[in-house]
Every structure is written in structure tokens, then in C-alpha cells.
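Values below: all heavy atoms of this structure, side chains included; hydrogens, waters and symmetry mates excluded. The chains referred to below are lettered A, B, ... by the order of the sequence lines, with proteins before strands, and numbering in each begins at 1.
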2 protein chains.
Amino acid sequence: MDKNSDLQRQRPFAGTLARLKSAGLRPTRQRLALGKLLFDAGDRHVTAEQLHGEADAQGIKVSLATVYNTLNQFSTSGLLREVVVAPGRSYFDTNVDDHHHFFYEDDATLQDIPGDQIALAALPDAPADAEVARVDVIVRLRRTDENRS
Amino acid sequence: MDKNSDLQRQRPFAGTLARLKSAGLRPTRQRLALGKLLFDAGDRHVTAEQLHGEADAQGIKVSLATVYNTLNQFSTSGLLREVVVAPGRSYFDTNVDDHHHFFYEDDATLQDIPGDQIALAALPDAPADAEVARVDVIVRLRRTDENRS
DNA sequence: TTTCTGTTTGGAATTGTTCTAAACTATTGA
DNA sequence: TCAATAGTTTAGAACAATTCCAAACAGAAA
């Protein structure tokens, strides 16, 4: 069975396929291709425009509307997590585990903070009529000016 | 001097005027009026559209562009703090002290969490080339369904 | 196959925000 | 008090990100 050695090469959509199945989403050509771009490269933070650009660059024909649809469906299915850090644009994070973010304000870039490197000492009581859905911590960074005299 | 008893009534713009002065912004009619709406009512979280609506409702004639300009100027001067919690709209917080936020996802509403009710146990080291500009904690809430059978 | 329902698509529409150039106004100094 | 000037306001155009739409398309099931 040495031909099975590289599972990734033989079944490039296997991971995404399983994800789609678990989310109850049909494995269409577009969703499989976008899923591959999103999930086969480790943890990523992308905007819709970015992902659309990447697909385009690889010759995958997908409309921007579909990219938006897909990102939103993946998010509500728990396959992605939407991160809001800057006004007027959304980032989608392929890491759905509990973790937080660094945000470089200079170039509007995101980076994961490993879950164990940050912790909340005291979570305030949620108001009586509500429950905590999620806690987001965003550490905003500014690059230090290395051109100082 | 009993006529000075209600300083607020006699000099309704005093607070805002001082703020503008300290920020180096000219005390124009529009800025004074918007400042009054923002600062005379305690801690508030407003969007540009909201504030414009309030001004309009009080017969204050200000263009939406000016509301945006003003909110942005106030923010960069430290008179306000911009809070990004939902894609596609910005909130401005009149509380510029160190504190964090509850965000009710159901009605897209913000509420301050007093600074002492939440604390970060461990702030991760900022990457070598950057420094922490600010840390935002957003506790996202969902209203519990009180209409359950 | 055929049918059915979910999906994709291009383009129009919407929303929130910024830009622009002209009109206006607070400030300063005669 | 007035004029000059520099900062401000304004309406409307422009823009960017996202959603909506109705028609064409493509999986799934029979």
C-alpha cells in the first residue's frame, strides 16, 4: 500500500470534505476549493477579498458573493471564527479553539495568542438576563520605531 | 451668589469648552453642541448615525459629515475612545478610563465593565518589534430566552 | 434520467464612512 | 471695529465592504 503514503496528495479535499459533512453543508466545487485554501495551510486569518484574490490567483473561478456566503456559512457552522478588530472589515480565523489575538495596527494584521499565554483573572458576572457567548481579548500593537535618531 | 447655584444651567458648555480647549480644538457651535450631547449624560456609547439623530431631534443643525469629523477628532484627541465590536459600524465611548465592555449581540448594545471587575492574569510578551498600544476585552453576551416553555 | 432543492452568479442595491470644493466662521492683528 | 487668514462646516459625490436578487446551475435522491 505504498501509494497511500501521501494521503494529503491523494485526497486533497479529505479534510475539508469531512468538515463540510459535519457541518451539513454540501461539498460543492467552490466550498471544497475555498476550504482547501483555508484549512490546508495551518492557522490563517483572511478577509473575503483576500481569499477571493487567492482563489483567483490559483485559477479557481468563484464569485465574491460566494466567498462571502461561504465564509459566513463556515462561521455559523463553527468551522471558522469571525474576528472584528478594525472598523469596516471582517477577518475569519481558521483556528476555532479558545484563544485570543494580537492586532498590528500598522498593517492591520492579526496573529494568534496561544490560549495559555493569556488568562482572565476575574470574569465579571454577566447581567442576570444574559449569558456569556464568548470573550474576545485583542492586544493592539504598534510597531516600535526603529528609525529613531 | 445664589444665582450661581446651578452652574450647569448657567454655563451648559463649560465642561465641553474646557475639553475642547485642552484638545486644541476650536469651540465651534457644532462641536459644543455635540460635546454637550456626548458628555453631559454620563458614560455613553454612540454611533455616528445615532448622535446625528439626537442632534437633529433637538433641532441642532449639523451635517453627518461633521458628526463623523467631530467623533474622529475627539477620538484622536483622547476625548473619546473608539470601540470596534461589530462589523460595519463604530461605537464611540465617552469613558476614556481603563475599562472593558459587555456587548449584547442581540441588540448590538455596549455596556462598560468597571475596571476592577475584570483583570488579565497574564499578558503575553509583545513581539520584539512592537509595543502594546491597548488591550480590549469584549465579553459577548446573548440574552437568555425568557420565553422558554 | 428526471425532479427537487440547495448553490452559485453577476450585477444592482445597501450601509457606513470618507472625500471634495465651496461657503462659512472663529481668531488675530491692525 | 474690520479685514485677513486659517480652521470648520456642508451637501453631495465617491468609496469600500457587504448583502440582496432573480436567474442559471449542480448535487442528491428516486
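- Taken from CG in A/Asp107 to CZ in A/Arg143, the straight-line distance is 4.5 Å, to the nearest 0.5 Å.
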*asked:* One character per nucleotide, please: for nucleotides 13-26 of chain C, 5' to 3', B when the base has a protein heavy atom closer than 4.0 Å, S when only the sugar-phosphate does, - otherwise.
replied: ---SBBB-----SB
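- Rounding to whole angstrom units, CD of residue A/Gln30 and P of C/dG6 are separated by 17 Å.
- C/dT8 atom C1' lies 14 Å from atom CZ of A/Phe74, rounded to whole Å.
- B/Glu82 places a side-chain heavy atom less than 4.5 Å from the side chain of A/Pro87.
- At least one side-chain heavy atom of A/Arg140 sits less than 4.5 Å from a side-chain heavy atom of B/Asp136.
- Per the geometry, CG belonging to A/Leu34 stands 13 Å off C1' belonging to C/dT7, to the nearest Å.
- At the phosphate of C/dG6, neither OP1 nor OP2 sits under 4.0 Å from any side-chain N or O atom of A/Gln73.
- A donor-acceptor pair under 3.5 Å is absent between the side-chain atoms of B/His52 and the main chain of B/Gln50, judged by distance alone.
- Rounded to an integer number of Å, the gap from B/Ile60 CD1 to D/dT10 C1' is 17 Å.
- Two residues are said to be in side-chain contact when any heavy atoms from C-beta on lie closer than 4.5 Å; A/Arg26 and A/Lys21 fail this criterion.
- One distance of note links CZ of A/Arg31 with CG of A/Asn69; it measures 8.5 Å at 0.5 Å rounding.
- Computed from coordinates, the A/Asp56 CG to C/dT8 C1' distance equals 16 Å when rounded to whole Å.
- Checking the phosphate oxygens (OP1, OP2) of D/dT9, no side-chain nitrogen or oxygen of B/Thr66 falls inside 4.0 Å.
- In this structure, A/Leu20 places its CG atom 14 Å from C1' of C/dG6, rounding to the nearest Å.
- The side chain of A/Arg31 contributes an N or O atom lying less than 4.0 Å from OP1 or OP2 of C/dT8.
- Judged by distance alone, with hydrogens and angles left aside, the side-chain atoms of B/Asn95 form a donor-acceptor pair with the main-chain N or O of B/Asp97 at under 3.5 Å.
- If you measure from atom CG of B/Leu25 to atom C1' of D/dT9, you get 14 Å, rounded to the nearest angstrom.
- Spacing between atom NZ of B/Lys61 and atom P of D/dT8 amounts to 19 Å, rounded to whole angstrom units.
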